[in-house]
Amino acid sequence: MRFDVITLFPEMIDNAARTGVTGKAVEKGIVELKTWNPRNYTHDNHRTVDDRPYGGGPGMVMKYEPVFDAIQAAKKDSAQSVSVVFLSPQGRQLTQQIVGGFSERSRIILLCGRYEGIDERLLEAEVDEEWSLGDYVISGGELAALVVIDAVTRLLPDVLGDKNSAQQDSYMGGLLDYPHYTRPEQIAGQNVPDVLLGGNHGQIEEWRMKQALGRTWMRRNDLLERLDLNDKQQRLLAEFITEFKFRQTETED
């Protein structure tokens, strides 16, 4: 998998993406990462990449030419087919399903905006997809690009120590993750659930599914509405809701 990142701050990408999971993937050669700075494609002494917006208003806008030339240089650096993805609060919201689709590609160019944005003509000419992390604004696309790189990389074969880790993450089955526990068995007056200590893998799997369904019902019920739960899942969710309401009643009493 190869990521090319168009950014005015390549050090942000290089420093962060070369640690942790992504750093190990780069070391193993599973992931290739290259940054392209539009400032290197300017032709004036000040290496100008932005200018005032037509029509007035606050801030500056990234210029067409240096960003275009950086994208073209990235495209020509490899014969692999590639899509240009712009990280923007105006894009469609990323989901785990979309990230999974990214992981099946061989190469992505991630375009990071700054200031008030990028000349719209560049976006219309060069951007194939526009994605957002959510309904909020951050100072630039670099953090969003790093999120995409990390989320995609952890789905690639041989990246995580346990091949099942990624499959059990939140959202992989459309649900939030179940609770996790480790040693010691008792701490701060709280115990690990008995089912996790019994060694019955069938019961553990069922408990985890119930907790994932229940946690999704409590925190992100909108996700449940998109799923077609099977009979077992419906039974487990109903049991969770009944148990939850019973505990609430006990607390009130």
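Hydrogens, waters and symmetry mates play no part in the numbers below; they use all other heavy atoms, side chains included. Keep in mind the model is a prediction, meaning the values are calculated, not measured. In this chain, numbering begins with 1 at the start of the sequence shown.
- Distance check: Leu236 CG to Ile241 CD1 gives 11.0 Å after rounding to the nearest 0.5 Å.
- Side-chain atoms of Asn15 come within 3.5 Å of backbone atoms of Glu11 as a donor-acceptor pair (strictly under, hydrogens ignored).
- Within the model, atoms CZ of Phe3 and CG of Leu33 stand 8.0 Å from one another, a figure rounded to the nearest 0.5 Å.
- By the 4.5 Å heavy-atom criterion applied to side chains, Thr7 and Leu111 are not counted as neighbours.
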Would you please test Arg107 and Asp4 for salt bridge (charged side-chain N to carboxylate O under 4.0 Å, His left out) and show each step?
CA-CA 8 Å; Arg107 189 182 179 209; Asp4 293 87; 2.8 Å; yes
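- Counting only heavy atoms from C-beta outward, the side chains of Arg92 and Glu130 never approach each other to under 4.5 Å.
- The nearest pair of heavy atoms linking Pro193 to Trp207 is CG-CZ2, 3.8 Å.
- Atom CE of Met209 sits in a sparse spot, with 12 or fewer heavy atoms from other residues, nucleotides or ligands closer than 6.0 Å.
- Ion pairing of Lys210 with Glu243 is present here, as a side-chain N (NZ or NE/NH1/NH2) and a carboxylate O approach within less than 4.0 Å.
- Remark: the Ser132 side chain and the Gln93 side chain contain no N/O donor-acceptor pair separated by less than 3.5 Å.
- Around CZ of Arg183, the count of heavy atoms belonging to other residues, nucleotides or ligands within 6.0 Å does not exceed 12.
- Note that CD of Glu32 and OG of Ser78 are 7.5 Å apart. Values are rounded to the nearest 0.5 Å.
- Here the side chain of Thr35 pairs no donor or acceptor atom with the backbone of Pro10 at under 3.5 angstrom.
- With hydrogens and angles disregarded, a donor-acceptor distance shorter than 3.5 Å links the side chain of Thr22 to the backbone of Thr19.
- Separation of atoms OG (Ser81) and NZ (Lys75) is listed at 11.5 Å; rounding is to 0.5 Å.
- Not a single donor-acceptor pair under 3.5 Å links the side chain of Glu126 to the backbone N or O of Leu123.
- With Thr42 contributing its side chain and Arg39 its backbone, the two residues share a donor-acceptor pair below 3.5 Å.
- Side-chain atoms of Gln234 come within 3.5 Å of backbone N or O of Leu229 as a donor-acceptor pair.
- Follow the hydrophobic side-chain contacts under 4.5 Å out from Phe240 and you never reach Val195; the two are in separate clusters.
- Between the side chains of Trp131 and Glu129, at least one donor N or O lies within less than 3.5 Å of an accepting N or O.
- Around atom CD of Glu205, no more than 12 heavy atoms belonging to other residues, nucleotides or ligands sit under 6.0 Å away.
- When side chains are defined from C-beta on, Val61 does not count as touching Glu120, because their heavy atoms never get closer than 4.5 Å.
- Proximity of Val5 to Ile149: side-chain heavy atoms (C-beta onward) are separated by under 4.5 Å at one or more points.
- Two residues are said to be in side-chain contact when any heavy atoms from C-beta on lie closer than 4.5 Å; Pro38 and Leu8 meet this criterion.
- Closest of all the heavy-atom pairs between Leu197 and Glu185 is CD1-OE2, 3.4 Å.
- Side-chain contact between Leu237 and Leu224 is present, with heavy atoms from C-beta onward closer than 4.5 Å.
- In this structure, Asp44 places its CG atom where more than 12 heavy-atom neighbours from other residues, nucleotides or ligands lie under 6.0 Å away.
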Walk me through it: do Asp128 and Phe86 pass the test side chain to side chain contact (heavy atoms under 4.5 Å, CB included)?
CA-CA 8 Å; Asp128 300 301; Phe86 180 43; over 6 Å; no
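- Note on Glu142 versus Arg114: salt bridge recorded, some NZ/NE/NH1/NH2 to OD/OE distance being below 4.0 Å.
- Between Ala74 and Ile6, the shortest heavy-atom contact is CB-CD1, 4.1 Å.
- Residue Val148 is grouped with residue Tyr136 when hydrophobic side chains (ILVMFWY) are merged at heavy-atom distances under 4.5 angstrom, including chains of intermediate members.
- Transitive grouping of hydrophobic side chains (ILVMFWY, heavy atoms separated by less than 4.5 Å) brings Val147 and Met1 into a common cluster.
- Pairing each heavy atom of Thr153 with each of Val159, the nearest pair is O-CG2, 3.3 Å.
- Hydrophobic clustering of Ile, Leu, Val, Met, Phe, Trp and Tyr side chains at less than 4.5 Å, counting indirect connections, unites Ile138 with Ile13.
- Note that OG1 of Thr182 and CG of Leu196 are 11.0 Å apart. Values are rounded to the nearest 0.5 Å.
- In this structure the side chain of Leu213 never reaches within 4.5 angstrom of the side chain of Leu176, judged on heavy atoms.
- In this structure, Gln211 and Pro179 approach most closely via the heavy-atom pair CB-CD, 3.4 Å.
- Taking the ring centroids of Trp217 and Phe244, they lie under the 6.0 Å cut-off.
- Surrounding CD of Gln186 are more than 12 heavy atoms belonging to other residues, nucleotides or ligands, all under 6.0 Å away.
- Interatomic distance, Arg226 CZ to Asn221 CG, rounded to the nearest 0.5 Å: 11.0 Å.
- Closest of all the heavy-atom pairs between Pro58 and Glu116 is O-CG, 3.3 Å.
- Asp194 CG: 12 or fewer foreign heavy atoms inside a 6.0 Å radius.
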List the steps, then state whether salt bridge (charged side-chain N to carboxylate O under 4.0 Å, His left out) holds for Arg235 with Glu206.
CA-CA 11 Å; Arg235 173 180 62 79; Glu206 188 166 286; 3.5 Å; yes
Go through the steps for Tyr115 and Met62 under the test side chain to side chain contact (heavy atoms under 4.5 Å, CB included), then give the verdict.
CA-CA 7 Å; Tyr115 313 126; Met62 291 178 66; 3.8 Å; yes
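- Within the 4.5 Å cutoff, side-chain heavy atoms of Leu160 are placed close to those of Arg154.
- Under the 4.0 Å criterion applied to side-chain N and carboxylate O atoms, Arg2 and Asp77 are assigned as salt-bridge partners.
- In this structure a side-chain-to-backbone donor-acceptor pair under 3.5 Å is present from Lys28 to Asp158.
- Within the 3.5 Å criterion, the main-chain N or O of Asn40 finds no donor-acceptor partner in the side chain of Asn37.
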Would Leu122 and Glu65 count as a side chain to side chain contact (heavy atoms under 4.5 Å, CB included) here? Give the steps.
CA-CA 8 Å; Leu122 182 282; Glu65 296 93 337; over 6 Å; no
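- Taking 4.0 Å as the cut-off between side-chain N and carboxylate O, Asp119 and Lys63 do not count as a salt-bridged pair.
- Residues Val192 and Tyr178 do not share a hydrophobic cluster, defined by chaining ILVMFWY side chains whose heavy atoms lie under 4.5 Å apart.
- More than 12 heavy atoms of other shown residues, nucleotides or ligands fall within 6.0 angstrom of atom CG in Asp222.
- Between Tyr41 and Trp36, the ring planes are tilted. Angles from 30° to 60° get that label.
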